[in-house]
Amino acid sequence: MNIKVHTPKSLKLGSGLSSLKQLLLSLVATTISIVLTFGTAALIENRKKESEKREMVMMILSDMSNYVDKLEATDSVVNAMFESQLSILEQPESFESRKYEMAQLLVVFDERSSATVENIFSSNVETVKTLGNILFTEKVSEFYLNRKQLYDMFGLLKKELFQSEGDILSTYDNLAKANLVPIVGTCENTLHAERRILSQCQQMMDVGDSELAEFASKREALSLKSDTLQGQSSQQKMDERLRRFWQALEAGRQNSNKAGQQ
């Protein structure tokens, strides 16, 4: 039994309904094409923004982590200087031979971490918008504020202990009058606070220690490569200057010989 299906005359090519069908199909195809085009562009843009956000977060956390490492070293030095002070005070006769141990505090007071990342974070409104996390932004601001306050204290203590009549390296009495307890306590408290903030920020942004260490290693490798290339460029310039120097010297000798022969 053969069954034949006939297309209704109303849908046959050339009929009004057929033209409407073609128009609808064309509109659907166009709409899908537009959606795909703009949807893909939006997806790419969103991924780009997320990548920029992650990069900025990693830069900030890496900077914070580096500072915590330095602050740990600073805390150790400050504690060692406090112990040296106590030891010298217990043995006044050792002042002249040991007083310059206290000069290590100058290194602590003069040391500063790079503020490049901090300046990018603090001075650029777009950076804050890119991060998109108010609590994270507040914690990072608190971290950098703590750092600034400690550096300000270092500056005041440097003047008080080394750049005034109370220079602790000049006399035993000046060393005895110097009170290092506040700086020991401030360093210790700041270190604990900065560690806590760093840990909180890592948790907020879901960044583990291993990921942070890997990021730091990559940045260090790029920095070393850049320094190497810069060093090569400087060496090439120096070599070129030496070559021109020897050429000029040789030319001068030849001209001198010619003048002597004449």
K.L.:
In Å, rounded to the nearest 0.5 Å, how long is the span from CD1 of Ile60 to OG of Ser65?
P.N.:
13.5 Å
K.L.:
Output all residues satisfying side-chain contact (heavy atoms from CB on, under 4.5 Å) with Glu214, sequence neighbours left out; order by chain, then residue number.
P.N.:
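Expected list: Lys218.
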K.L.:
Salt bridge (Lys or Arg N to Asp or Glu O under 4.0 Å): which pairs involve residues 149-159, sequence neighbours left out?
P.N.:
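Matches after skipping sequence neighbours: Asp110-Lys158, Lys148-Asp152.
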K.L.:
Shortest non-hydrogen contact from Leu169 to Met102?
P.N.:
CD2-CB, 4.0 Å
K.L.:
Measuring only between side-chain heavy atoms, which start at C-beta, is Val78 closer than 4.5 Å to Asp75?
P.N.:
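With C-beta onward as the side chain, the pair stays apart.
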K.L.:
For Gln202, which residues count as a side-chain hydrogen bond (donor to acceptor under 3.5 Å, both in side chains) partner, sequence neighbours excluded?
P.N.:
Asp209
K.L.:
Residues in side-chain contact (heavy atoms from CB on, under 4.5 Å) with Ser170, at least two apart?
P.N.:
Asp167, Asn174
K.L.:
Please name the pair of heavy atoms, one in Leu175 and one in Ile168, separated by the smallest distance, quoted to 0.1 Å.
P.N.:
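Nearest pair, atom of Leu175 first, then Ile168: CB-O, 3.9 Å.
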K.L.:
What I'd like to find out is whether the side chain of Asn79 reaches to under 4.5 Å of the side chain of Glu83, using heavy atoms alone.
P.N.:
no
K.L.:
Give every residue pair that meets the salt bridge (Lys or Arg N to Asp or Glu O under 4.0 Å) criterion with at least one member in residues 96-106, sequence neighbours excluded.
P.N.:
Glu96-Lys99, Arg98-Glu101
K.L.:
Using side-chain hydrogen bond (donor to acceptor under 3.5 Å, both in side chains) as the criterion, list what pairs up with Ser97, not counting sequence neighbours.
P.N.:
none
K.L.:
By side-chain contact (heavy atoms from CB on, under 4.5 Å), which residues pair with Glu72, not counting sequence neighbours?
P.N.:
Val68, Asp69, Leu191, Arg195
K.L.:
Does the side chain of Met64 reach to within under 4.5 Å of the side chain of Val117, using non-hydrogen atoms?
P.N.:
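SC-SC contact between Met64 and Val117 ruled out.
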K.L.:
Does any part of the side chain of Leu150, heavy atoms only, come nearer than 4.5 Å to the side chain of Leu71, both counted from C-beta?
P.N.:
yes
K.L.:
With a 4.5 Å heavy-atom cut-off, do Phe215 and Val57 have their side chains touching?
P.N.:
no
K.L.:
Mind checking ring pair (Phe, Tyr, Trp, His ring centres under 6.0 Å) for Phe109 and listing every partner two or more places apart, or none if nothing turns up?
P.N.:
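Per chain and number, Phe109 pairs via ring pair (Phe, Tyr, Trp, His ring centres under 6.0 Å) with Phe154.
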K.L.:
Quick one: list whatever passes side-chain contact (heavy atoms from CB on, under 4.5 Å) with Lys139, sequence neighbours left out.
P.N.:
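For Lys139, the residues satisfying side-chain contact (heavy atoms from CB on, under 4.5 Å) (neighbours in sequence not counted) are Glu142, Arg196, Ile197, Gln200, Cys201, Met204.
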K.L.:
On a heavy-atom basis, which atom in Leu61 and which in Leu198 lie closest, and how many Å separate them?
P.N.:
O-CD1, 3.9 Å
K.L.:
Please collect all ring pair (Phe, Tyr, Trp, His ring centres under 6.0 Å) contacts where either partner lies in residues 54-87, sequence neighbours excluded, each pair once.
P.N.:
Tyr67-Phe143
K.L.:
What pair of heavy atoms forms the shortest contact from Ala178 to Leu161, and how long is it?
P.N.:
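Smallest heavy-atom distance, with atoms named: CB-CD2, 3.7 Å.
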K.L.:
Can you pull out every side-chain hydrogen bond (donor to acceptor under 3.5 Å, both in side chains) where at least one residue sits in residues 182-192? Sequence neighbours excluded, please.
P.N.:
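Every candidate side-chain hydrogen bond (donor to acceptor under 3.5 Å, both in side chains) pair involving residues 182-192 fails, so no pair, neighbours aside, qualifies.
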K.L.:
Mind checking what makes ring pair (Phe, Tyr, Trp, His ring centres under 6.0 Å) contact with Phe162, not counting sequence neighbours?
P.N.:
none
K.L.:
Side-chain contact, heavy-atom cut-off 4.5 Å: Val107 with Val77?
P.N.:
no
